[in-house]
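Okay, so here's the structure we're looking at.
Count residues from 1 along the sequence.
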Amino acid sequence: MNENTATSERLESECQAHWKHLGLNSPEDVQAYIQAIFDSCESQSEVISALYELLFPAWDNIDKINGYPIVGEEFWLFVSRRFIDFDRIHHPRVMPGGAWMNVGFASDKSLAPWEISFTGCNAELIALAS
């Protein structure tokens with residue numbers, strides 16, 4: 001890996017610090033934050049970007065993500081249900097929840113319900129001009 005690659009360990013550390021800064025200390029805090037994302041967005045792409053930014057606080061400095069963050073099943077289902085409701089209101093002609101299934105986070109039943117893992121995931125950062 002080069003200096004322009006954020007490892008899974010770095011991504012996890014940045015995510016944890018970001019959540020602490022946001023005051024997301026319990027599943028209820030996370031649920032309320034995610035619900036606020038859905039309440040404030042008008043399009044699927046806005047929601048997807050906001051959800052990724054929640055896990056990748058350096059979102060604006062990322063060129064490419066290799067792999068997907070993995071979340072516990074309860075986390076994944078919570079977002080999926082919100083996406084289904086959101087799509088029925090904002091995008092009635094698409095498959096409800098389809099965007100989340102296509103480009104959302106991966107899920108793993110072996111993780112705790114609200115756990116996040118960046119195993120197998122890294123991010124290529126935008127190169128800074130010299």
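- No side-chain heavy atom of Trp59 sits less than 4.5 Å from a side-chain heavy atom of Leu54.
- Note: Asp87 CG to Arg93 CZ = 14.0 Å, rounded to the nearest 0.5 Å.
- In this structure a side-chain-to-backbone donor-acceptor pair under 3.5 Å is present from Ser49 to Ser45.
- The line from CG of Asn102 to CD of Gln44 is 9.0 Å long, rounded to the nearest 0.5 Å.
- Under the 30°/60° scheme for interplanar angles, the aromatic rings of Phe56 and Tyr52 are found to lie parallel.
- The hydrophobic cluster containing Leu55 does not contain Ile126, counting ILVMFWY residues as joined when their side-chain heavy atoms lie under 4.5 angstrom apart, directly or transitively.
- For the atom pair NE2 of His90 and CZ of Phe38, the computed distance is 9.5 Å after rounding to the nearest 0.5 Å.
- Without hydrogens or angle criteria, Asp29 side chain to Ser26 main chain gives a donor-acceptor distance under 3.5 Å.
- Contact of the Val47 side chain with the Trp100 side chain is not registered, since no non-hydrogen atoms from C-beta on lie closer than 4.5 Å.
- Side chain of Glu115 to backbone of Leu111: no donor-acceptor contact under 3.5 angstrom is found.
- Listed by chain and residue number, nothing satisfies the ring pair (Phe, Tyr, Trp, His ring centres under 6.0 Å) test with His18 (two or more places apart in sequence, or in another chain).
- Counting only heavy atoms from C-beta outward, the side chains of Phe86 and His91 approach each other to under 4.5 Å.
- Here the CG atom belonging to Leu11 is positioned 11.5 Å from the CD1 atom belonging to Ile116, to the nearest 0.5 angstrom.
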Show me the side-chain donor-acceptor pairs of residues 60-77 shorter than 3.5 Å, one per line, residues at least two apart or across chains.
from, atom 1, to, atom 2, distance (Å)
Asn66, ND2, Asn122, OD1, 2.8
Asn66, ND2, Glu124, OE2, 3.0
Glu74, OE2, Trp114, NE1, 3.2
Trp76, NE1, Phe105, O, 2.9

- Message: Checking Glu12 against Gln16 for the side-chain hydrogen bond (donor to acceptor under 3.5 Å, both in side chains) test, could you report, in this order, the C-alpha distance in whole Å, the side-chain angles of both residues, the deciding distance, and whether it holds?
- Response: CA-CA 6 Å; Glu12 183 174 338; Gln16 289 173 351; 3.2 Å; yes

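- No side-chain heavy atom of Asp108 sits less than 4.5 Å from a side-chain heavy atom of Ser117.
- Residues Ile84 and Met101 fall into different hydrophobic clusters, defined by Ile, Leu, Val, Met, Phe, Trp and Tyr side chains chained together at heavy-atom separations under 4.5 Å.
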